[in-house]
Amino acid sequence: MKIENAVVLVTGANRGVGLAFARELLARGARKVYAGARDPAAITQSGVEALRLDVNSPEDVAAAAALASDVTLVINNAGIAQPGGFLAADSEDVARRIFETNFFAVLRMSKAFAPILKANGGGALLNVLSIASWVNGGELAAYSASKSAAWSLTNALRNELAPQKTQVLGLHMAYVDTDLTRGFDVPKSSPEEIVKRALDGLESGVDEVLADELTLQVKHGMTAARPSYLPQAS
């Protein structure tokens with residue numbers, strides 16, 4: 001997938017990683033960037049086409065698909081988080097709300113735009129995931145679970161969309177310096193460096209981008225040793 005001359009839709013494009021995607025796509029020569037947000041007035045980046053898009057609204061998603069029928073790349077970036085563990089009193093309500101945005105909206109967007117990508121030659125889906133796809137310490141319990149589900153969705157979509165030649169890439173990263181992580185006193189990557197690595201990976205044809213050192217370490221730790229629950233060779 002090449003960015004130059006691509007037509008791209010980015011969800012949650014008004015700030016943070018989504019805004020960084022919009023800027024980097026323009027810098028790399030994308031022909032058109034649809035910048036989706038619940039409030040189009042929140043889109044201030046010049047050179048993009050602001051698009052009203054609440055990913056939790058089936059009506060908004062359908063309208064976006066009808067308008068942006070020239071899209072060749074969809075970046076599912078919109079996401080939410082809330083601190084708290086599964087034993088909190090409101091954990092069921094919190095989990096449902098977070099899954100609605102972080103899992104079901106990604107599914108909704110993917111279903112709506114898969115036929116469009118096919119009609120336009122295949123193109124690509126890029127799903128913004130997280131190191132939390134693989135680890136859950138309980139501080140962001142529902143968020144981590146939703147990202148695990150979105151990772152599984154991404155892997156399934158890769159197989160389902162392969163016959164129509166749609167590339168599907170999962171982007172994993174640890175803490176990024178955005179509004180979402182403002183309250184966390186931890187080392188953070190900049191949105192710009194994460195986005196550059198993501199688009200480099202997309203253009204090189206990979207299935208997965210591990211965008212920072214901590215994410216690389218965690219993924220390596222998952223695969224370096226044989227899991228103890230597998231039968232051992234005799």
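If you read the sequence from its start, that first residue is 1, and numbering goes on from there.
How far CD of Glu208 is from CG of Leu171: 9.5 Å, rounded to the nearest 0.5 Å. The CG atom of Leu210 sits 7.0 Å away from the NE2 atom of His172 when rounded to the nearest 0.5 Å. Here Ser146 contributes atom OG and Phe103 contributes atom CZ; the two are 10.0 Å apart, rounded to the nearest 0.5 Å. In this structure, the separation between CG on Leu25 and NZ on Lys32 is 14.0 Å, given to the nearest 0.5 Å.
The pair Arg28-Glu203 meets the salt-bridge criterion, since a charged nitrogen lies less than 4.0 angstrom from a carboxylate oxygen.
Shown here are the side chain to side chain donor-acceptor pair (under 3.5 Å) partners of Ser130, two or more places apart in sequence or in another chain: there are none. Taking the side chain to side chain donor-acceptor pair (under 3.5 Å) definition, one finds that Arg52 meets it with nothing, sequence neighbours left out. Legend: residues meeting salt bridge (charged side-chain N to carboxylate O under 4.0 Å, His left out) with Glu92, ordered by chain and number and at least two apart, are Arg96. Scanning for side-chain contact (heavy atoms from CB on, under 4.5 Å) contacts around Gln164 gives Ala114, Leu117, Lys118, Leu161, Thr166, with sequence neighbours left out.
In this structure, Arg158 and Asp207 approach most closely via the heavy-atom pair NH2-O, 3.0 Å. When all heavy atoms are compared, the tightest approach of Ala68 to Phe113 is O-CE2, 3.8 Å. Residues Val218 and Val135 approach most closely at CG1-CG1, 4.0 Å, considering heavy atoms.
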Assess the residue pair Arg31 and Glu4 against the criterion (salt bridge (charged side-chain N to carboxylate O under 4.0 Å, His left out)); give the C-alpha distance rounded to whole Å, side-chain angles, the decisive distance to 0.1 Å, and a yes or no. CA-CA 7 Å; Arg31 176 158 51 92; Glu4 186 175 5; over 6 Å; no

Determine, step by step, whether Arg197 and Glu192 satisfy the salt bridge (charged side-chain N to carboxylate O under 4.0 Å, His left out) criterion, reporting the C-alpha distance in whole Å, the side-chain angles of both residues, the deciding distance to 0.1 Å, and the verdict. CA-CA 9 Å; Arg197 290 168 185 166; Glu192 291 75 20; over 6 Å; no

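Side chain to side chain, Asn155 and Ser152 fail the donor-acceptor criterion of an N or O pair below 3.5 Å.
No single ILVMFWY cluster, assembled from side-chain heavy atoms under 4.5 Å apart, contains both Val74 and Leu129. One hydrophobic cluster holds both Leu202 and Val17 under the rule that ILVMFWY side chains link at heavy-atom gaps under 4.5 Å. Residues Val61 and Ile116 share a hydrophobic cluster, clusters being chains of Ile/Leu/Val/Met/Phe/Trp/Tyr side chains in contact below 4.5 Å. Hydrophobic clustering of Ile, Leu, Val, Met, Phe, Trp and Tyr side chains at less than 4.5 Å, counting indirect connections, unites Tyr34 with Leu125. Both Leu126 and Leu26 are part of a single hydrophobic cluster, where members link through side-chain heavy atoms under 4.5 Å apart.
Screening residues 37-47 for side-chain hydrogen bond (donor to acceptor under 3.5 Å, both in side chains) gives Arg23-Gln45 as the qualifying pairs, with residues at least two apart or on separate chains. Applying the side-chain hydrogen bond (donor to acceptor under 3.5 Å, both in side chains) test to pairs two or more places apart or on separate chains, those with a residue in residues 72-83 are Asn76-Asn127, Gln82-Arg97.
A donor-acceptor pair under 3.5 Å is formed between the side chain of Ser144 and the backbone N or O of Leu140. Counting only distance, with no hydrogens or angles, the side chain of Thr215 and the backbone of Ala211 share no donor-acceptor pair below 3.5 Å.
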